[in-house]
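Counting starts at 1 for both ligands and their atoms, following the listed order. Throughout, numbering of the chain's residues begins at 1 and tracks the sequence.
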Amino acid sequence: MLKTIKETADFIKSKWGEQPEFGIILGTGLGQLTDDMQTDIVLPYEEIPNFPVSTVEGHSGALYLGSLGGKKVVAMKGRFHYYEGYTMQEVTFPVRVMKLLGIEKLIVSNACGGTNPDFEIGDIMLINDHIMMMPEHPLRGKNISELGPRFVDMSEPYSLEMIAKAHKIAADLGYNTKEGVYLALQGPTFETPAEYVMVSNMGADAVGMSTAPEVIVAKHMDMTCFGISVITDLGVAGKVVEASHEEVQEVGRLTTPKMVAIVTELIAQS
Ligand code: HPA
């Protein structure tokens, strides 16, 4: 695996001579962040050696190399979801590559269902922790010690400093932000009413089908992580409404400008 990651990182380096500081993974409906970037190069996933190719409608699938908030960034427009059939190694491969490009800070975003009764559709939740409930673990198997340790510390999966900064930035911009725990399930079904109750009883505030694998692999490689969620539907007991991919994309699209403003300023200040 190490050879493959190096090969992909070397390919990207050969196309772009800059030293990126931040990696950004854009979730469903949140891809417009790339419109605000000063983009140097766009690499469609199918042109990047060893990259899996995205399959889901609404995930267009390209790496954007450029600047945001005055810093050099690599942004993934479209991520690889476990429910698409990729292995956990494929889902997290781009994060491995980002580390080899020299990136130390990873920003992950997603659309998710809110289970906290204080949440509303369109809320922005800063992720302060996650519960990994997908059926496979991205670090299962032989450990590659060049990348990180066998047993990984997860005491601060999401940077408390970046969360505090992001709340302040959002408040200064006049945006309300929530904070909470993200629980990762494999999908692709949205949750049943009973499953939403389970998510809530487990101590989570929101549920989705991504993010935790990427953050686990980033922590394996000692990266600092920041996670931001858009609540696109509600799974609050007694108030479960029908969820659809179209609605998730639409709420994501409408909330993106706020998310982009917060992330851009956070990058500028970090
Ligand atoms: N559950 C799981 N994943 C999601 C949801 C949800 O309610 N909304 C957006 N992604």
Item to check | Atoms in ligand 1 with a heavy atom of G113 nearer than 4.0 Å | outcome: 5 (C), 6 (C), 7 (O), 8 (N)
Next on the checklist: What's the separation between atom NZ in K77 and atom CD in Q32, rounded to the nearest 0.5 Å?
Outcome noted: 8.0 Å
Item to check | 4.0 Å heavy-atom contact, G235 with ligand 1 | outcome: no
Item to check | Criterion side-chain hydrogen bond (donor to acceptor under 3.5 Å, both in side chains) on H81 and S210, from CA distance to verdict | outcome: CA-CA 6 Å; H81 296 89; S210 66; 4.8 Å; no
Item to check | Numbered atoms of ligand 1 (with element) below 4.0 Å of T232, judged on heavy atoms | outcome: 8 (N), 9 (C)
Checklist entry - Would T4 and F93 count as a side-chain contact (heavy atoms from CB on, under 4.5 Å) if you check the C-alpha gap in whole Å, the side-chain angles of each, and the deciding distance to 0.1 Å? => result CA-CA 9 Å; T4 317; F93 181 77; 4.1 Å; yes
Next on the checklist: Closer than 4.0 Å to some heavy atom of E191 - which atoms of ligand 1 meet that?
Outcome noted: 1 (N), 2 (C), 6 (C), 7 (O)
Checklist entry - Looking only at protein heavy atoms, which one is nearest to atom 8 (N) of ligand 1, and how far off is it? => result D233 OD1, 2.6 Å
Item to check | Under 3.5 Å donor-acceptor, R96 side chain and M1 backbone | outcome: no
Checklist entry - Between F51 and Y45, how do the two ring planes meet: parallel, tilted or perpendicular, split at 30° and 60°? => result tilted
Checklist entry - By number and element, which atoms of ligand 1 are closer than 4.0 Å to a non-hydrogen atom of M209? => result 2 (C), 3 (N)
Checklist outcome for this item: ligand 1 atoms nearer than 4.0 angstrom to some heavy atom of Y196 are 6 (C), 7 (O)
Checklist entry - Considering only heavy atoms, which of G27, A184, P188, A111 lies nearest to atom 10 (N) of ligand 1? => result A111
Checklist entry - Below 4.5 Å, heavy atoms only, C-beta onward: do M221 and V95 meet side chain to side chain? => result yes
